[in-house]
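The analysis underlying the following values was restricted to heavy atoms, covering all of them including side chains, and did not include hydrogens, waters or symmetry mates. Proteins get letters first, then strands, A, B, ... in listed order; numbering begins at 1 in each.
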Amino acid sequence: MNLPVTAIHHVWILHQMTDQTLVHLTLFFTALLIVVILGLSLGIFSGISHRWGGILIQSLNIIEMIPDIALLLLLIPITGIGAVPTITAAVLYSLLPIVRNTSIGLLSVRPELIENGTALGMTEREILMRIRLPLALPLIACGMRTAVVYTMGIVTLGGIIGARGLGAVLQAGITRNNMTVILVAGIWIGILAVLMDLIAAGGERILSLKYGDRS
Amino acid sequence: MKGSPGKGAGLFHRVESLDLIRVSKWFLKTNAVRDLSFSVSGGELIALIGGSGSGKTTTLRMINRLIEPDAGQILINGVPISTLDPIYLRRSIGYVIQQIGLFPHMSVQENISIPLKLGGYTRVDIQNRIDELLELVSLSPVQYRDRRPAELSGGQQQRVGLARALAADPPLLLMDEPFGALDPLLRRQLQEEFIRIKRELRKTILFVTHDIDEALLLGDRIAVLQEGTLYFLGNPQDLLITAQQDPYLSVLTGGDRLCTMRSVPVSMLAVPAGDVIYCTDLSNSIRIRDAVRNKEVRGAVLSLPDEKLRILLLDQEGNGNGISESPVIRFAPGTTVLEALSRFSRSSARAAVLTESDAVQVILLEDLIGLLSGGGSA
């Protein structure tokens, strides 16, 4: 575990890790943005339509059962190699927690709140936007936090199918059996993952304080 | 009292009449409400009472179209509500439920402002109206405006729930056991405040309860529902009298009259205006005595020069000239039947005057005894 600073510096420069970190984060945030937008839309849809929502969540469950490496490899014939299959896999894999939590969040709002909204003369849309969705936010945030962790994992794994980023550095270390590279890249990815998770956790906490139903 | 309602305001500004005509509702195969008909006139408070499953809540929820009847019609001011837009219908009807249902992610003022925003009130009007409403339900605006529902006690939450229901000044109010979840002391306090609010606002109210004391206290008339049908409809006094002969009503009202009645305000026994005359001018006392003797009036209150009151009543036992004069005692506002009985028992008075709000009402001892013994006419 005694990695001299010079060795770390050497690996960092040699593998262009500043550059690769930026690529890595770009992949990560692109995937996350897509998954959040798509996940929220599909989640709201499942929270409104019981029948199709159930089918959607079941389908996402099946995708979730495919091991992540297998999913990446399965996508290659369709999308080729590189960033596209990596982002696609990350999105497919991280959809479930967001869709499921959004749907559950919308459905678990206390019935008397929805009834009261209706009785006050709110339209279904107003009830969705002003009551159900805000009250679902803590659960949605919790789903997003899970999605952050999943996305980080898949983006790293994308290194083996030719996406750039820190996964590629790790992959290089593995193929050359260079423990220093593996450790430097591995620990750096770990630090980034924990950092993202902490940010997501902070967001979740703020939302549950503001929108949590404590009565 | 009113702000300026905008284009989103309700469909009607006054309720002259609310009629249920042969309304039925089935849930699965059970008949929740069966062929129910009754009419409510404007400004009246009807207490709907009955056991669980008697259809009281279902009836209420059909009026603001949270559920639709399977048969029959509901008319407001003669218009079938099935022809009205349910969204606008509901904005004209206040709705208060036992679970309160304040939105937990909104502050007190945000909660109250919802019907106002839906009604298209301006920002300034909303702000003024919120403070006005909080004061109406006895909460200090400065102290409570910005609190979250979770930071309020149960009683305070129910007050805010009431304020929210009243916000857009709906002419019709539906209340489903609003005080049911509160402890007895607090319930009593809110009931008393509600009587004041009711008097101030003069709205048409349907009030579901399973508490007979509450129904007797608040209801102008009481509708007893049993298994989805109307079993009885009448004023509190009629209910108690009918209960003497009717086994179901007798169980509902608790059987023992005094026990049931002890906390009921004695004002419900007030003699209708016109049945008793008030005389300050004693010069024509012959005419007054004749009126009493000929049963044109039940009694005549004489206001003597020394500010003491006497009452002339037909002597029930004596056959002679048939008129006796007795002293009159005074009751404070809110005097209950039990207190009234104990006051009468310590005096020789056969009547009392009661100052309730603006009017002076006369209570006759014979009515009180009649009510408690349940036999005679009241």
Student: For the CG atom of B:Asp183 and the CD atom of B:Gln189, what is their distance to the nearest 0.5 Å?
Tutor: 9.5 Å
Student: Sort B:Ile97 into side chain, backbone, both or neither according to what part of it lies under 4.5 angstrom from a heavy atom of chain A.
Tutor: side chain
Student: Measure B:Arg61 against the heavy atoms of chain A and call it side chain, backbone, both or neither at under 4.5 Å.
Tutor: side chain
Student: Do B:Phe12 and B:Tyr88 have ring centres separated by under 6.0 Å?
Tutor: no
Student: Under 4.5 Å heavy-atom distance to chain B, tell me which part of A:Glu126 shows up: side chain, backbone, both or neither.
Tutor: side chain
Student: Please look at B:Leu174 and chain A and tell me whether the side chain, the backbone, both or neither of the residue comes under 4.5 angstrom of a heavy atom of that chain.
Tutor: neither
Student: Does A:Glu124 CD have over 12 foreign heavy atoms under 6.0 Å away?
Tutor: no
Student: With a 4.5 angstrom heavy-atom cut-off, which part of B:Ile93 approaches chain A: side chain, backbone, both or neither?
Tutor: backbone
Student: Measure the spacing between OG of A:Ser59 and CG of A:Leu42 and express it to the nearest 0.5 Å.
Tutor: 10.5 Å
Student: Answer yes or no on whether B:Arg164 is positioned over the face of B:Phe103, meaning its NZ or CZ is under 6.0 Å from the six-membered ring centre and within 45° of the axis.
Tutor: yes
